[in-house]
Structures are given as structure tokens and as C-alpha cells.
Undergrad: 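Quick one: structure below, then a few questions.
All values reported here derive from a predicted model rather than from experimental measurement.
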Amino acid sequence: MTKIKPLLPKALPRLSTVAFSTTVIIVSTYIHLPQELDKYASYLDITFPSDEEIKVLIDWHVEVNEYKENFREAEMEKLMPSLKGLTYFEIDRMLDMAMSSNGTLTAEDQSMILQHKKQMVRKSGLLELVDTPANLDSIGGLNALKSYLLKKEKIIKNIGEAINKNVAVPKGIFIVGMPGCGKSLCAKASAALFNTPLLKMDMGSMMGKYVGESEGNLHRAIQIAEAASPCVLWIDEIEKAFSGIGGNDIMTRMFGYFLSWMQDKTSSVYVIATANNADHLPPELKRKGRFDEIFCVNLPTAEERKAIFDVHLKKKGYGSLEPSEKLIKHTDGFNGADIEAVVNEAMGEVFIEQKNLNMETLEKIALRTISISKSCKRQIEDMKKVFAESNFKDATTGNITVKL
């Protein structure tokens, strides 16, 4: 005899009875259930395909298209990083497009896949896939920071072997300093150095209008970054998101989640956070365990200004033109963006006058250029005081900037 479930009191809702055996499945990119239904729901997170699942899908496409005899395992290894961070359907479509475009599936399809992946990441509205044409040679000065990144390159490019030898997975770096001094350029050059995609996170785009949506957006953005690992996650101007938290409950919760992820993450997502001013950032963000190192970027020295001029003159086809001592002296207090502006303006002037670029033209333009040290003198002095009182490494010398 079938036992009948006892009836609940009429005052209580009956969501399940013996008369019906029904399961309601709700599919959504973010969770927003009424409080009355939330207690009856169970949640299932569907992650991005793993390496093994991607390999199975590639093998299937190779077999269906009768390309197995010409397909090499090395081609699969080169394609894998481009396909990570995509859903099953997106990977399937990318492979279909690659096979239909030239009838093959090789590492040459990587550029096409990356272009479509960039569009998909952009549609998410959470992350941006940034091109990385820059390299360390395009950065003048900052020798200590560049040397540090070169050391990390050896670990990131051999992350599997490093983990087997109990080497800690690199977490990332925090670069703080003057505007226009190469912080963003370092982020782009790092991704090119590591040969990984560069994902840019805009904290403003995380904010949503529903309760819990902002935290969910941050969670999804981090999921995408982890699925695309190894990669570089660039958080630009992080101080605008997390400065003075406490008065905003949403930002406080997002900040707490971000700190927990940075502390506990084991994936090879290399986080590069940049800030113009770290004075008002919470101390827990700057302590060891969240970032491997914090570098401060000051205005370039005379030697660095010469190196920056060399970089930009070489780009313009004047690599043989040697910056004069007078030019270096005239550009005292200039940042990298100021120096680039001098070279660009000089190129425009010589084009109008139909002549070759010379040092006299550069010196004349440098004299009439208003540098950042003149237009933002007070802010820069305040920033230097913060650097002097903080336990940051100088990006040029590698020395600790704290004064004892």
C-alpha cells in the first residue's frame, strides 16, 4: 500500500504534492529569484570546458572532417590557449569556421579565433580582450620592473613544471605612480612577454541595478579570466573602484570577494593592477599574499628620458638621431607621454616644412611644451611623499622607497 504524504497546514505553501512530479529548471546568466522561492531552489554552476573537454571536441572535428592523418598534436597545443574561456557552443562554432575557411585546422587559425573571441568577450560587457603589440623594448627605463617580469616569464611559460617542483604560482604585481609614465604599457608588454592574452577589467562595468548583480558580474568576469588562463588580467586605475570603501555596501562586498580570490587563487591568472594614487586604498589590498610585489613609477630620470626618446625616434625612422644633452635638460620633469608628444609634434612640423627631423627642432618644441610636472606640481609633490612613506619598490632601481 502506497504511503500518502501528510498534508501540510493550509497556512503553509505546498510546492510539492503526490499528484505531481515536476522539476522546474531556470537558466540564467545571473541569479535573481524572489526571496519566497530562493529557499526552494538548488544552484548548479556550469563551468567553461576543461582542457580535456576541448581536446575531445577538437578530435571530433578532426575525425568528422577526415583530417586526422594530417593533424599534428603540436597544432592542438597551440590552439588550446585561444579556445580556453569559451563555452562549448562557441568552441564548436570556432572550429567549424576554421575548418570551413581553409579546410584545415592548424595554428594559423589562431588569429581568426582570437578575433572572434575578442568580439565575444566584448559582448559580455565585463572584460575586454586587448591587443598587445607592445613589448619590453618599447619601454624606456623601468629596468628593475622589466628585469622582474623577465624572471616571472620563465615560471609562467613553464607553469606545469614549476608547480611540480613546488614553485608558487605567480599572483601578479601592483604598479602605482605618475600618470603617463608607462604603467599601462607595462601591462600590455607583460602579456606579449608571457605570450598570453591580455584581459582588461573595468570595475565600473561590473555595477548592476539589481541586488547581487554587481557581485555576480565580478564573479563571472573572474570565471572567464580563470577559464582563459594562462592570461594577464589588467585592472586599470583600481583606486577609482576601491578607494574609500566602507560607505558603499556593494563595493565593500565586491572588494571582499576580490581579496579572497587574490589570496586563494591557484590558477595562472597574472593580475596587473595599476593606480595613479594608492594613498586611499585599503592596506589589506597592498599586503603580501595579494600581489607578489608593488612597484612605484616616478618621473623618468635623465638616463630614462634618453632611453624613451630613443624608443620613439626609432619608431619614427630616426633611430640614428642621438638625443642631445640640451634636449635631455629641457625635458626635466617630463613623463613618457610628454616625451612622446614632443616627438609627435616635431614630426608634424617637419612634415609641414618638408624637411628632415633634427635635434634643434626637438629642443625648440621641448622648451614650449608644458610638462606634467608644471601643470600638476602640487599633486606630484604629494605623490612623492606617499612613495617615500610606503614600502614600495622603485621600478627603476629596485630599491625600497621607504625612508627609515
Side-chain angles (χ1 to χ4, degrees), residues 130 136 139 141-153 155-156 168-191 193-194 196 198-203 206 218 221-222 225 231-245 251 254-265 267-299 335-336 382-402:
V130 181
L136 290 186
I139 302 174
L142 306 183
N143 294 327
L145 176 54
K146 290 193 289 187
S147 176
Y148 179 87
L149 291 172
L150 285 169
K151 292 178 182 178
K152 293 298 178 183
E153 175 201 11
I155 299 177
I156 292 174
V169 177
K171 291 181 179 292
I173 55 173
F174 188 8
I175 309 175
V176 57
M178 311 297 179
C181 287
K183 300 187 298 296
S184 300
L185 191 61
C186 284
K188 296 175 183 177
S190 300
L193 175 67
F194 302 153
T196 60
L198 175 63
L199 300 175
K200 183 179 179 182
M201 178 189 289
D202 178 13
M203 295 303 298
M206 301 291 130
L218 179 60
I222 289 176
C231 68
V232 173
L233 180 62
W234 172 27
I235 307 175
D236 195 20
E237 297 184 345
I238 193 173
E239 78 277 16
K240 292 184 178 178
F242 294 142
S243 287
I245 62 167
M251 290 308 302
M254 293 174 68
F255 179 67
Y257 176 75
F258 179 76
L259 285 186
S260 299
W261 174 71
M262 284 292 295
Q263 180 70 36
D264 301 331
K265 78 179 181 72
S267 60
S268 51
V269 178
Y270 196 75
V271 180
I272 297 183
T274 59
N276 293 326
N277 188 353
D279 191 19
H280 300 293
L281 280 172
E284 55 265 38
L285 179 66
K286 296 179 282 186
R287 76 164 177 81
K288 290 286 187 180
R290 270 59 191 261
F291 294 97
D292 297 323
E293 202 63 79
I294 300 178
F295 287 93
C296 70
V297 179
N298 286 298
L299 292 173
N335 62 16
D382 292 342
M383 219 175 275
K384 286 181 179 179
K385 290 178 183 178
V386 173
F387 289 165
E389 296 168 357
S390 302
N391 196 21
F392 298 164
K393 273 193 176 181
D394 190 288
T396 299
T397 64
N399 298 323
I400 301 296
T401 60
V402 65

Undergrad: Any idea which heavy atoms bring F174 and A275 closest together, and the distance?
TA: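 That would be CE1-CB, 3.7 Å.
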
Undergrad: What heavy-atom pair brings C231 and T196 nearest, and what distance separates the two atoms?
TA: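 Closest heavy-atom pair between C231 and T196: CA-CB, 3.8 Å.
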
Undergrad: Can you sort out the partners of D202 under side-chain hydrogen bond (donor to acceptor under 3.5 Å, both in side chains), two or more places apart, ordered by chain and number?
TA: none

Undergrad: Looking at residues at least two apart in the chain, or sitting in another chain, which of them share a side-chain hydrogen bond (donor to acceptor under 3.5 Å, both in side chains) with E153?
TA: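 Expected list: K157.
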
Undergrad: With sequence neighbours left out, what residues match L149 under side chain to side chain contact (heavy atoms under 4.5 Å, CB included)?
TA: L136, L145, I173, S190, L193, F194, Y270

Undergrad: Counting only N and O atoms by type, is there a donor-acceptor contact under 3.5 Å from the side chain of D292 to the main-chain atoms of G172?
TA: yes

Undergrad: Restricting to non-hydrogen atoms, name the atom on P170 and the atom on K265 that form the minimum distance, rounded to 0.1 Å.
TA: O-NZ, 3.7 Å

Undergrad: Can you sort out the partners of S147 under side-chain hydrogen bond (donor to acceptor under 3.5 Å, both in side chains), two or more places apart, ordered by chain and number?
TA: none

Undergrad: Out of the candidates N298, V297, L142, only one should pair with T396 under the side chain to side chain contact (heavy atoms under 4.5 Å, CB included) rule; please name it.
TA: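 Looking at N298, V297, L142, the match for T396 under the side chain to side chain contact (heavy atoms under 4.5 Å, CB included) is L142.
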
Undergrad: Please give me the minimum heavy-atom distance between M201 and A221, naming the atom from each residue.
TA: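 Nearest heavy atoms, M201 then A221: CE-CB, 4.0 Å.
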
Undergrad: Grab the two heavy atoms, one from L199 and one from A225, that are nearest each other, plus how far apart they are.
TA: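 L199 and A225 have their closest heavy atoms at CD1-CA, 3.8 Å.
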
Undergrad: Quick check: closest heavy atoms across W261 and V269, and the distance to 0.1 Å?
TA: CH2-CG1, 4.0 Å

Undergrad: Does anything in residues 168-177 form a side-chain hydrogen bond (donor to acceptor under 3.5 Å, both in side chains)? List the pairs, not counting sequence neighbours.
TA: none

Undergrad: Please report, to 0.1 Å, the donor-acceptor pairs under 3.5 Å made by any side chain of residues 177-187, with sequence neighbours excluded.
TA:
residue, atom, partner, partner atom, Å
K183, NZ, G177, O, 3.4
K183, NZ, M178, O, 2.9
K183, NZ, N276, OD1, 3.0

